[in-house]
Amino acid sequence: MKPEIEKVKVLIIGSGPAGYTAAIYASRAGLSPVLYTGGQPGGQLTITNDVENYPGYPNGVAGPEMMEDFRKQAERFGAQVRYGLATSVDFSTKPHTVIIDEQVTINADTVLISTGASAKWLGLESESRLNGKGVSACAVCDGFFFRGQEVAVVGAGDTACEEASYLSNICSKVYMIVRKDEMRASQIMQKRVMNNPKIEILWNTETDEILGKDEVNGVRIFNNKTGEKSEIAISGFFVAIGHQPNTAIFKDFIHMDEAGYIKTIPGSTKTNVEGVFACGDAQDNIYRQAVTAAGTGCMAALDAERYLAEFEND
């Protein structure tokens, strides 16, 4: 049986704020975009209970509800939102080829990559069960909910130090759980947390279990030198051990940094491949916010529209 081949002007790979915003702009420009949602339709916000820092929602909004609003708005203007996962690509020829679910072949004049990044987790059952109920991977997103309370941050890099420092401005106390007897963070970031009276660093310490039935109320830790276990009463548990961009299928064609984030030409969403653009957390390892992702989604759609106009005039 011959594989199905479909020709599209604008193919958006991945949903979430970046992908859906790109779909809104591209569909309003009459480009008939096709968006494939990826393995987690709506992206990381679908596992976020409350979003209070996105403009336009004065009373806050549940992450899944917000992503549903984005999807409906994109579809209202004619974007085709489809469930499916891009499993391989070939950007060596034009039009670009993308295989969906190892079955459907899409030939696209432009490809907008909005596959996002996934937080790295410790792998504990309690961590998964209490995700969004006190467990978070983003202090800027969720720290506000724990103002005046005691929280813990796991990690030893710059991100963990930044999260701990940010939380110390909101929370009454911040415990940093560090696996070794030293940090891998830059010296300036280490000094910042070590000199902060509201931050207590627990060296040679690992997480045994996050405590709480319906919400976080503590953490059981152990010293990996002595084996001694203890419990700390906290209401927020922040995992800051890094993110993994969902970009592996593009590595043979697209320039990336050592962590796998896509490199874009400064001031644009253009990649090293003509007609391929990247937006959202797949190319942003600094801000990682819904509002910045949406902004780059807008940029990608505008860049694609201009590219297609030039392409058609050649």
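Both backbone and side-chain heavy atoms feed into the values below; hydrogens, waters and symmetry mates do not. Sequential numbering from 1 along the given sequence is applied to the chain's residues. Because the structure is a prediction, the values reported are computed rather than measured.
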From [X] atom [atom1] to [Y] atom [atom2], the distance as rounded to the nearest 0.5 Å:
X	Y	atom1	atom2	value
F253	F91	CZ	CZ	7.5 Å
K198	Y175	NZ	OH	13.0 Å
T115	I13	OG1	CD1	7.5 Å
I12	I24	CD1	CD1	9.5 Å
M189	R184	CE	CZ	12.5 Å
D281	T292	CG	OG1	6.5 Å

Mark yes or no: R147 above the aromatic ring of F145, with NZ or CZ under 6.0 Å from the six-membered ring centre and no more than 45 degrees from the axis.
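No, cation not above the ring by the 6.0 Å, 45° rule.
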Salt bridge (charged side-chain N to carboxylate O under 4.0 Å, His left out) between R71 and E68, intermediate numbers included:
CA-CA 5 Å; R71 181 186 63 79; E68 186 69 6; 2.3 Å; yes
Min side-chain heavy-atom separation [X]-[Y] under 4.5 Å:
X	Y	result
P17	L45	yes
K180	W203	no
Q289	V140	yes
I221	S230	yes

Report the C-alpha distance between C161 and M183 in whole Å, list the side-chain angles of each, state the deciding distance to 0.1 Å, and finish with yes or no for side-chain contact (heavy atoms from CB on, under 4.5 Å).
CA-CA 9 Å; C161 290; M183 291 189 189; 3.7 Å; yes
Can you classify the ring geometry of Y307 versus F277 as parallel (below 30°), tilted (30 to 60°) or perpendicular (above 60°)?
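Perpendicular, since the angle between the ring planes exceeds 60°.
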Work out which heavy atom in [X] is nearest to a heavy atom in [Y]; give both atom names and the distance.
X	Y	answer
A160	V153	O-CG1, 3.8 Å
T159	R288	CG2-NH2, 4.0 Å
A152	I177	CB-CD1, 4.2 Å
A137	W121	CB-CH2, 3.6 Å
A278	I262	CB-CG2, 3.7 Å
H96	V273	CE1-CG1, 3.7 Å

Assess whether atom [atom1] of [X] is packed by more than 12 heavy atoms of other residues, nucleotides or ligands within 6.0 Å.
X	atom1	answer
E274	CD	no
E228	CD	no
K213	NZ	no
E215	CD	no

Does the salt bridge (charged side-chain N to carboxylate O under 4.0 Å, His left out) test come out yes or no for R220 and E231, once each step is laid out?
CA-CA 4 Å; R220 184 165 61 242; E231 294 183 3; 3.8 Å; yes
Shared hydrophobic cluster, [X] / [Y] (ILVMFWY, side-chain heavy atoms < 4.5 Å):
X	Y	answer
V291	M67	yes
V219	L202	yes
F237	I199	no
L85	I100	no
V239	M176	no

Are a donor atom and an acceptor atom from the side chains of [X] and [Y] found within less than 3.5 Å of each other?
X	Y	result
D69	Y57	yes
N196	S165	no
N223	T205	no
S235	Q149	yes
D303	S268	no
T87	E102	no

Tell me if a side-chain donor or acceptor on [X] pairs with a main-chain N or O of [Y] at a distance below 3.5 Å.
X	Y	result
N272	H255	yes
E127	G123	yes
T264	T269	no

Begin with the C-alpha distance, continue with both residues' side-chain angles, and end with the deciding distance and a verdict on ring-ring contact (aromatic ring centres under 6.0 Å, His included) for Y54 and F70.
CA-CA 12 Å; Y54 197 92; F70 274 52; 5.8 Å; yes
Run the salt-bridge test on E6 and R82 with the 4.0 Å N-O cut-off and return the result as yes or no.
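So E6 pairs with R82 through a salt bridge.
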Any salt bridge between D208 and K229, counting N to O under 4.0 Å?
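Yes, this pair counts.
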Could you walk me through whether F146 and F238 pass the ring-ring contact (aromatic ring centres under 6.0 Å, His included) test, one step at a time?
CA-CA 11 Å; F146 304 98; F238 292 85; 5.7 Å; yes
Worked check of salt bridge (charged side-chain N to carboxylate O under 4.0 Å, His left out) between R306 and E310
CA-CA 6 Å; R306 288 165 186 158; E310 293 170 6; over 6 Å; no
Step by step, would you call K94 with D109 a salt bridge (charged side-chain N to carboxylate O under 4.0 Å, His left out)?
CA-CA 7 Å; K94 293 180 182 179; D109 292 330; over 6 Å; no
For S136, all residues meeting side-chain hydrogen bond (donor to acceptor under 3.5 Å, both in side chains), sequence neighbours excluded
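S136 satisfies side-chain hydrogen bond (donor to acceptor under 3.5 Å, both in side chains) with D142 once adjacent residues are dropped.
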